Protein chains: 2
Amino acid sequence: MTPREIESRVEQFGQRCREAGLSLTPQRLTIYRALLESADRPAPEALYSRVRPALPSLSLATIYKTLDTLAQLGLVAELPATGSSRRFDGNMERHHHLVCTRCGRVSDFSDPGLDGIAPPSGIKGFTAQHLAIHVHGLCRECGPGRAGH
Amino acid sequence: MTPREIESRVEQFGQRCREAGLSLTPQRLTIYRALLESADRPAPEALYSRVRPALPSLSLATIYKTLDTLAQLGLVAELPATGSSRRFDGNMERHHHLVCTRCGRVSDFSDPGLDGIAPPSGIKGFTAQHLAIHVHGLCRECGPGRAGH
DNA sequence: GTAACTGCAAAAACTTTGCTGAGTT
DNA sequence: AACTCAGCAAAGTTTTTGCAGTTAC
């Protein structure tokens with residue numbers, strides 16, 4: 001995401017917070033901005049490391065609380081992930097996922113060709129909103145032609 | 001899954017373990033079978049409760065170790081999930097996922113129409129193997145026209 | 001007999017909670 | 001001034017680890 005895009009998002013973010021009656025604290029802004037700047041769907045702990053230099057007094061509990069708050073507002077997404085920690089993403093645009101079947105790492109990709117696929121509408125008891133594609137395979141590091149981890 | 005299918009899978013499972021040099025312990029067999037019998041993608045703890053009646057001395061650590069071992073062999077799948085515990089599935093067939101954007105619950109569905117979609121091949125640094133579709137929306141409980149959780 | 005595995009208990013990692021002082025509106 | 005929030009520390013969960021005795025081969 002370009003710096004310009006980020007600033008525009010941060011501004012919208014401010015509005016959205018005000019609408020919802022949330023204070024605009026430096027912590028919230030910094031955490032949100034850091035999430036936008038992270039392309040790698042960070043875990044709370046990773047986000048914490050990233051934000052700490054700017055806000056040395058920040059606590060990990062605040063990261064958790066903030067992420068939960070923002071997820072409820074729909075400003076960030078909590079992602080389904082494997083492994084034992086939660087993952088978050090500030091990119092709410094249409095995008096798909098590459099999942100490495102060996103190391104479990106996930107990254108984003110976009111493909112206009114795939115965007116044409118419509119969510120199936122006839123599923124009983126489920127109201128489809130949108131759809132994301134997970135492509136499973138081997139990432140660069142685990143590449144084809146390697147033995148194991 | 002029918003009992004007959006389950007037995008056939010368990011048999012294949014035995015072969016696969018032998019090939020890999022793994023012992024066929026009662027714990028492993030029971031855990032694997034319990035997973036096949038569970039349609040609900042259980043967390044380790046839930047699987048533990050299910051298996052305990054049959055193996056009262058079983059420990060939770062064994063569940064974790066076993067699931068990791070079997071996942072590495074490709075005999076069970078660890079699923080991406082939101083929330084704070086890992087989820088596993090013994091169903092390795094082609095299927096897709098319904099993810100509730102409100103409560104986070106995930107369930108399986110199949111749709112032959114979607115099975116035709118080929119994994120995109122031109123992604124740089126990534127070798128695509130297969131693809132799964134996540135349909136996001138509202139499940140029956142959270143249904144459209146509800147206020148919140 | 002050897003190698004692999006389970007159970008246990010302890011430790012580590014991750015997440016949530018309650019409270020108090022500080023910051024935002 | 002009222003209300004919301006951050007930081008802290010403690011508690012609660014979930015997951016991993018090391019080791020000794022047991023089991024599968």
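None of these values were measured; they are calculated from a predicted model. In what follows, every chain begins at residue 1, and chains take the letters A, B, ... in the order their sequences are listed.
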For A/E45, is there any backbone N or O sitting under 3.5 Å from a side-chain donor or acceptor partner on A/S49?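 Yes, A/S49 side chain to A/E45 backbone: donor-acceptor pair under 3.5 Å.
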Flag, side chain of B/S38 to backbone of B/R41, donor-acceptor distance under 3.5 Å: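 A pair under 3.5 Å: no.
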Between B/T66 and A/P26, which has a closest nucleotide on DNA chain C that is more 5'?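 Between the two, 5'-proximity favours B/T66.
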At under 4.0 Å between heavy atoms, which parts of nucleotides 10-20 of chain D does protein reach? Answer with one letter per nucleotide, 5' to 3': B base, S sugar-phosphate only, - none. ----SSBBB--
Just wondering, do A/L67 and A/P44 contact through their side chains at under 4.5 Å, heavy atoms?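 In short, these two side chains touch, coming nearer than 4.5 Å.
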To the nearest angstrom, how far is [X] atom [atom1] from [N] atom [atom2]?
| X | N | atom1 | atom2 | value |
| --- | --- | --- | --- | --- |
| A/R52 | D/dG7 | CZ | P | 10 Å |
| B/L58 | C/dC5 | CG | P | 15 Å |
| A/Q72 | D/dC5 | CD | C1' | 15 Å |
| A/I63 | D/dC8 | CD1 | P | 13 Å |
| A/L67 | D/dA6 | CG | C1' | 14 Å |
| B/L29 | C/dT6 | CG | P | 10 Å |
| B/L70 | C/dC5 | CG | P | 11 Å |
| A/Y48 | D/dG7 | OH | C1' | 10 Å |

Heavy atoms from C-beta onward define the side chain here; which of [options] lies closest to that of [X]?
| X | options | answer |
| --- | --- | --- |
| A/L24 | D/dA24, C/dT25, C/dT6 | C/dT25 |
| A/T25 | C/dG7, C/dC5, D/dA6 | D/dA6 |
| B/L22 | C/dC5, D/dG7, D/dA6 | C/dC5 |

How about B/H96 and B/H134: are their ring centroids closer than 6.0 Å?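 Judged by ring-centre distance (under 6.0 Å), B/H96 and B/H134 do not meet the cut-off.
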Angle of first-five versus last-five pair axes in the helix from C/dG1-D/dC25 to C/dT25-D/dA1, to 10 degrees: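 Result, rounded to 10 degrees: 40°.
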Among all residues two or more places apart in sequence or in another chain, which pass the side-chain contact (heavy atoms from CB on, under 4.5 Å) test with B/E11?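 For B/E11, no residue satisfies side-chain contact (heavy atoms from CB on, under 4.5 Å) once neighbours in sequence are set aside.
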Within the 4.0 Å heavy-atom criterion, would you say B/S59 contacts the bases, only the backbone, or no part of the nucleic acid?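 Here B/S59 touches the bases of the nucleic acid.
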C/dG23 OP1/OP2 closer than 4.0 Å to side-chain N/O of A/Q27: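 The answer is no; no side-chain N or O of A/Q27 sits under 4.0 Å from OP1 or OP2.
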Evaluate the side-chain contact (heavy atoms from CB on, under 4.5 Å) criterion for residues B/V135 and A/F126: first the C-alpha distance (whole Å), next the side-chain angles of each, then the deciding distance (0.1 Å), finally the verdict. CA-CA 10 Å; B/V135 180; A/F126 194 89; 4.0 Å; yes
State which residues pass salt bridge (Lys or Arg N to Asp or Glu O under 4.0 Å) with B/E7; sequence neighbours excluded, sorted by chain then number.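 With neighbours one apart ignored, the set is B/R33.
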Pairs in or reaching into residues 10-45 of chain A: which pass ring pair (Phe, Tyr, Trp, His ring centres under 6.0 Å), with residues at least two apart or in two chains?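 Only A/F13-A/Y32 qualify under ring pair (Phe, Tyr, Trp, His ring centres under 6.0 Å).
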Would you list the pairs meeting salt bridge (Lys or Arg N to Asp or Glu O under 4.0 Å) in which at least one residue belongs to residues 46-75 of chain A, sequence neighbours left out?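 Applying salt bridge (Lys or Arg N to Asp or Glu O under 4.0 Å) to every pair that reaches into residues 46-75 of chain A, excluding sequence neighbours, yields A/D40-A/R50, A/D68-A/R86.
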